[in-house]
Amino acid sequence: REAELCYQPMAMVTDYDCWHATEEEVSVDLIIATLQANTQLAKEIIRRLTKALPKTSECSCRHALRGAILTDLSIVPKETLDTLGPVIAKYRRS
């Protein structure tokens, strides 16, 4: 959010035995296999999602820092400003 990016967390289950009484206990190998399958699934979801999302958006994320920067930027070291430049450039006064 601080980078003014829209985001949505995505969580995927690797094993059910920790909470689902009817599931069998799982092995590390099964968890790793499920994790690898979930990784491929997540990549495919992201691939499809990026094609489906609009090219532009007017959501509030684009201006999340508008009232959040309280420090007078004139006292922030130049190196820090340079590092943060891509995120805070539009809030720096000339």
Side-chain angles (χ1 to χ4, degrees):
R1 179 91 173 153
E2 288 81 2
E4 298 188 334
L5 299 172
C6 298
Y7 67 91
Q8 174 62 51
M10 178 171 46
M12 303 177 102
V13 176
T14 57
D15 63 283
Y16 294 95
D17 71 323
C18 63
W19 65 271
H20 199 285
T22 63
E23 293 293 323
E24 295 180 33
E25 290 188 23
V26 297
S27 66
V28 172
D29 291 337
L30 181 57
I31 292 172
I32 291 172
T34 304
L35 180 62
Q36 291 171 337
N38 283 348
T39 299
Q40 294 307 311
L41 179 58
K43 288 179 180 180
E44 182 60 25
I45 290 168
I46 292 168
R47 225 182 329 276
R48 290 183 186 195
L49 181 61
T50 55
K51 291 177 182 177
L53 289 173
K55 299 297 181 206
T56 60
S57 172
E58 293 302 321
C59 72
S60 63
C61 296
R62 301 177 74 180
H63 310 288
L65 292 179
R66 182 177 286 146
I69 301 173
L70 302 178
T71 303
D72 181 348
L73 294 178
S74 69
I75 65 171
V76 177
K78 181 183 180 326
E79 297 80 24
T80 302
L81 292 174
D82 290 344
T83 300
L84 296 174
V87 177
I88 67 167
K90 64 185 174 185
Y91 300 107
R92 290 177 70 178
R93 291 178 218 127
S94 302

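Only this structure's heavy atoms are used, side chains among them; waters, hydrogens and symmetry mates stay out. Start at 1 with the first residue, then count along the sequence.
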- prompt: Out of curiosity, Ile45 CD1 to Asn38 CG, how far, rounded to the nearest 0.5 Å?
  reply: 8.5 Å
- prompt: Is any side-chain heavy atom of Ile46 closer than 4.5 Å to a side-chain heavy atom of Met10?
  reply: yes
query: Salt bridge or not for Glu4 and Lys90, using N-O below 4.0 Å?
result: yes
query: Backbone N or O of Glu79 within a donor-acceptor pair of the Thr83 side chain at under 3.5 Å?
result: yes
message: For the OG1 atom of Thr71 and the CD1 atom of Ile88, what is their distance to the nearest 0.5 Å?
response: 10.0 Å
- prompt: What is the minimum heavy-atom distance between Ala3 and Val87, and which atoms define it?
  reply: CA-CG1, 4.0 Å
Minimum heavy-atom distance Thr14-Leu35, with the two atoms named: CG2-CD1, 4.1 Å
query: Do the side chains of Gln40 and Gln36 get nearer than 4.5 Å, heavy atoms only?
result: no
message: Is there a path of hydrophobic side-chain contacts, each under 4.5 Å between heavy atoms of I/L/V/M/F/W/Y residues, joining Leu84 to Leu81?
response: yes
task: May I ask whether Leu49 and Leu41 are part of the same hydrophobic cluster, defined by side-chain heavy atoms of I, L, V, M, F, W, Y residues being less than 4.5 angstrom apart, directly or through others?
output: no
message: Just verifying a value: how many Å separate Leu65 CG and Tyr91 OH, rounded to the nearest 0.5 Å?
response: 5.5 Å
- request: Take atom CZ of Arg48 as the centre, draw a 6.0 Å sphere, and report whether it contains more than 12 heavy atoms from other residues, nucleotides or ligands.
  value: no
Verify same cluster id: Leu30, Met12 (apolar side-chain graph, 4.5 Å): no
Asp72 side chain to Ser74 side chain, donor-acceptor N/O pair below 3.5 angstrom: yes
